[in-house]
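A quick write-up on the structure given underneath.
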Amino acid sequence: MEDKFKTNILDKSALKTNGTVNYNSIGTFLTRVKEKNPGEIEFYEAVKEVIDSVWELLERHPKYLHSNILERLTEPERVIMFRVPWTDDQGHVHINRGYRVEFNSAIGPYKGGLRFHPSVNLDILKFLAFEQTFKNSLTTLPIGGAKGGADFDPKGKSEAEIMRFCQSFMTELYRYIGPATDIPAGDIGVSRREIGYLFGQYKRLSNEFNGVMTGKGAESGGSLLRPEATGYGLVYFVNEMLQAHNKSLEGQTVAISGSGNVAQFAAEKSLHLGGKVVSLSDSDGTIYDPKGLDEEKLTFVKHLKNEKRGRISEYAKKYDVTYLENQTAWNIPCDIALPCATENEIDEQDAIALVENGCRCVAEGANKPCQPGAVQVFLKNDLLFGPGKAANAGGVAVSQLEMAQNSMHTQWSRAEVDIKLQEIMSNIHSKCITHGEADRSINYIKGANIAGFIKVADAMLQQGLV
Ligand code: NDP
């Protein structure tokens, strides 16, 4: 069987047989992805990165190509798109577009965050849901991949407007989700406050108090340490990378972008492990604090961003440090860079500046913050590079621990969750090493993609053509 197939994939004339498409090169397959998903640049780039990493494996194990696993893996199982009508405090009617991309349920129920941001569109959500499928697989936990959200901007909205929007969004979404079907969580613009409103409306419509959402407040069944999990997990992963190269975080200068959930807790854990955090940012600019943050300054940031919903420039005023208006953190000298804001925030020029200023390690707290050209610069210069699907997987991992606690009707202590989180990040790191080791260096991108791929692909093969 395998021999016959080998001739098939090498023979271009056999590309199409009986309506079945086999791919004889990465190029052939990627061209088809581009044609099938016109204009979806983010999604295409995410697919390309995974396929580049796993192609060699596919050639060694033709069962994957033979069963057309690539095309099955790059087609979402289901995409839901819906109207979200709501009224503002003046009684004006607004219409937003809501989405849920249920990408892959081969290894467990769909799981992934909801994003409320004006930039949300189908391309971004397909890319995020595709990434999430491999990230969730890497955690070794039984969760499939999904992502959702709306092109709604929570900035400047009143508490009542946010609540009405969340309730309207859930009034449509609730029929597609459930604790054994699809379990959404937070992402950009969706934090504990929004999760609370979304969960409240789900409970009202379904008449069930269950683990349908994660990231809930502890009083509503949320896991302790979930807010901290992505940022803490990121720094645990960085620590693993450094230790594997006989280094540590102690005394290292860390540049962080963003000042939301991931950035705040990445900063906190970096401080705990002896790092000096010199920057934070938001979409208006960056603060540069050469003396470094401390616990008191971090408490100020948390209050500013989570309660007051203010701008990071206020930090610069309060602590009399440099404010780089409309600029990023990537020209600031540092040993470690942790992009924790959004997609594509580090381009090739930024990457060159980071390398020239002495940066030796970059790990993605955000999803795909480094553009492909930037990643190439890091790899060429032998930086330790932790891709988001490995480095920021701590959040979804603790989300799954929240699901486990909800189904057992119990709550674990902070310390218990923290130990499990550290174990999970350490396991993810080991998997990256197992599959990414090459020529005495480690390609964490390749390692993460291969490890994530094998589990999902094997589960799909076991379950037949569904
Ligand atoms: P938040 O909404 O809490 O914070 C986002 C931060 O990024 C804010 O400081 C925001 O600034 C800034 N930001 C957003 N868009 C832009 C932009 N276009 N340019 C510059 N800055 C921007 O989100 P999270 O911290 O939860 O998420 C951050 C990233 O981490 C996202 O990529 C998300 O997908 C990823 N992630 C999050 C997880 C989680 O558990 N929360 C899990 C895994 C990944 P401003 O206030 O001005 O908008």
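Keep in mind that the numbers below use all heavy atoms, side chains included, and drop hydrogens, waters and symmetry copies. Counting convention: from 1, in listed order, for ligands and their atoms alike.
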task: Evaluate the 4.0 Å heavy atom contact test for atom 39 (C) of ligand 1: does a protein atom fall under the cut-off?
output: yes
Residues pairing under salt bridge (charged side-chain N to carboxylate O under 4.0 Å, His left out) where one sits in residues 155-164, two or more places apart or in two chains, turn out to be Asp89-Arg164, Glu159-Arg193
4.0 Å heavy-atom contact, [X] with ligand 1:
| X | value |
| --- | --- |
| Ser259 | yes |
| Lys155 | yes |
| Glu345 | no |
| Gly186 | no |
| Ser281 | yes |

Hey, which atoms in ligand 1 end up nearer than 4.0 Å to a heavy atom of [X]?
| X | result |
| --- | --- |
| Arg311 | 45 (P), 46 (O), 47 (O) |
| Asn392 | 43 (C), 44 (C) |
| Gly258 | 9 (O) |
| Arg115 | 31 (C), 32 (O), 33 (C), 34 (O) |
| Gly189 | 2 (O) |

message = Distance alone, cut at 3.5 Å: any donor-acceptor contact between the side chains of Asp88 and His94?
response = yes
Query raised in the report: Taking atom types as modelled, is there a side-chain donor on Tyr319 or Lys297 under 3.5 Å from an acceptor on the other?
Result: no
Quick check on the 6.0 Å ring-centre criterion: do [X] and [Y] meet it?
| X | Y | result |
| --- | --- | --- |
| Phe152 | Phe169 | no |
| Phe82 | Tyr99 | no |
| Tyr444 | Phe385 | no |
| Phe209 | Phe199 | yes |
| Tyr197 | Phe165 | no |

When you measure from [atom] to each heavy atom in [options], which option holds the nearest one?
| atom | options | answer |
| --- | --- | --- |
| atom 16 (C) of ligand 1 | Thr342, Thr230, Ile312, Asn367 | Thr342 |
| atom 26 (O) of ligand 1 | Asn261, Val190, Leu234 | Asn261 |
| atom 28 (C) of ligand 1 | Gly310, Ala366, Ala397, Ala341 | Ala341 |

Can you tell which of [options] makes a salt bridge (Lys or Arg N to Asp or Glu O under 4.0 Å) with [X]?
| X | options | answer |
| --- | --- | --- |
| Lys147 | Asp182, Asp187, Asp123 | Asp187 |
| Glu45 | Lys368, Lys34, Lys126 | Lys368 |
| Lys302 | Glu268, Glu295, Glu307 | Glu268 |

Give me the residue, atom name and distance of the protein heavy atom closest to [atom].
| atom | answer |
| --- | --- |
| atom 47 (O) of ligand 1 | Ser283 OG, 2.4 Å |
| atom 6 (C) of ligand 1 | Gly260 N, 4.0 Å |
| atom 34 (O) of ligand 1 | Asp187 OD1, 2.6 Å |
| atom 24 (P) of ligand 1 | Val262 CG2, 3.9 Å |

Within the 4.0 Å heavy-atom cut-off, what Pro369 brings close to ligand 1 is neither
Honestly, for Arg226 the part within reach of ligand 1 (heavy atoms, under 4.0 Å) is side chain
Here the gap from Gln400 atom CD to Thr214 atom OG1, rounded to the nearest 0.5 Å, amounts to 9.5 Å
- Nitrogen or oxygen of Lys147 less than 3.5 angstrom from that of ligand 1: no
For Ala451, the side-chain contact (heavy atoms from CB on, under 4.5 Å) test, sequence neighbours excluded, returns Leu138, Lys431, His435
